[in-house]
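One-based numbering, in listed order, for ligands and for the atoms of each.
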Amino acid sequence: MAVTHPRTDTTRPESDARFRPRGTLRRAATMLSPAAAVANKAALERDAGDRVERLITAATDRIHQRRHPTRPRMRALIASGGARLAWQDIPVPQDPGPDGAMVRPIAVATCDLDRALALGATPFPLSLSIGHECAAEVLTVGERVTTVAPGQRVCVPFQINCGRCLPCRAGLTSNCAEVPPLSMYGFGMGGGHWGGALADQLAVPYADAMLVPLPDGVDPVAAASVSDTICDGYRHIAPHLPGLLRRDPDADVLLIGCLGRRTIYSPSVTLYAGQLALALGARRVRLADGRPEVRAAAERLGLEPLRPRDLRHATPAPLVVAATVSSRGVWTALSLTAPDGVCSSVGGLHRTARIPAIGMYTHNASFHVGRTNARALMPGVLDLMAAGRFHPERVISTHGALDDAPRLLARHYRSSDIKTVLSAA
Ligand SMILES: [Zn+2]
Ligand SMILES: [Zn+2]
């Protein structure tokens, strides 16, 4: 399945870019920022030796394969500084062993973080093999794999997890104890060198634990984001809404997006959360966002769009999703959480935030912040899709061919495009 491609398909964002790549100095400043220090500390707080070993193994393997190639080669899309994207010819990943599988991504989606990642606005160092949301076809499986077989179509979680350790068995798959913290596809060195989904092949080290077969009738294009952003939307709704609806059938959901007019982050998690809230029985879901295109998308999905200024007179909701990257947004979300309600935060993109603690205390409000346990949540969203109750494909704004990835992704990164999905012919 190794395909060799020339290194000619390089695309640079056009000069009228709405979002521009960060230059070397600003990129370096981002990588040395206080937020980066916190992220680096978390990445190394456990199994730092394993992490360093993976880094050294990846570097020596690269040099060795260049001098004495033993493995076939494949194409992989590499994002480099200056938001350059190019197919590169690299060795196929190393054999993942008896518990692993080799898969071929057939539908790959952008994550809400990808624009910032590719433009150099995150602490993750470039260059990297980009892409961490995909549906794939199984190519080969190791001798101990029993739940998937070659030819089968599967969803691939973006986080690496073993399925056997204590956190994995408890469904806390984002903190698998068998791999270094923050082990994930598509984040290069920062994610632990696991490869990216925009490649001909991806190695899955724990196939039985990680891969979930795509249910019959579910389109891989619709399911590409199940790897990450769809489950990220689901985790804000599914654990909380059913209980709130039992208490009050009119319990509504308030989604707080970007309170300014522009942010580098895409809004798909927020839109999926809104769709899932309706699918799980909420009669009313409001989404406040300063971006007109996001309000228009929300309206098309049956959500009630609000301008940020409308929040001044908004009624509190028992379930509030804080999909905001500003400290003010977190404060607003917590202030609009009704008594005995829950506020669930999409990201820790702000290093610190003020919280209205006394108000939360008197209201018995809960605040959830953390990362999604993607693998544990995947079956729940796939069941909803198979039953026709949830249609994540309605969030896709651009769909094109995988071969056209450099051009379509360059367009996604420089514009306010919401979700690009690329699929194999
Ligand atoms: Zn992601
Ligand atoms: Zn584990």
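- Arg18 and Ser416 share a side-chain donor-acceptor pair at under 3.5 Å.
- Checked against the 6.0 Å centroid threshold, His132 and Tyr185 do not count as a close aromatic pair.
- You'll find the ring centres of His236 and His368 outside the 6.0 Å limit.
- Distances under 2.8 Å from the Zn ion (ligand 2) pick out the protein N/O/S atoms Cys162 SG, Cys165 SG, Cys168 SG, Cys176 SG.
- For the residue pair Asp112 / Thr229, no side-chain donor-acceptor distance below 3.5 Å is found, with atom types taken as modelled.
- Rounded to the nearest 0.5 Å, atoms CG (Leu311) and CG (Leu306) are 6.0 Å apart.
- Remark: Arg115 fails to qualify as a cation-pi partner of Tyr265 under the 6.0 Å distance and 45° angle criteria applied to the six-membered ring.
- Judged purely by atom type and a 3.5 angstrom limit, Arg389 has no side-chain atom pairing as donor or acceptor with the backbone of Leu384.
- Listed by chain and number, the protein N, O or S atoms at a distance under 2.8 Å from the Zn ion (ligand 1) are Cys111 SG, His132 NE2, Asp228 OD2.
- Annotation: cation-pi geometry not satisfied between Arg394 and Tyr272 (NZ/CZ under 6.0 angstrom from ring centroid, within 45° of ring axis).
- Lys419 and Ser268 form a side-chain donor-acceptor contact under 3.5 Å, judged by distance and modelled atom types alone.
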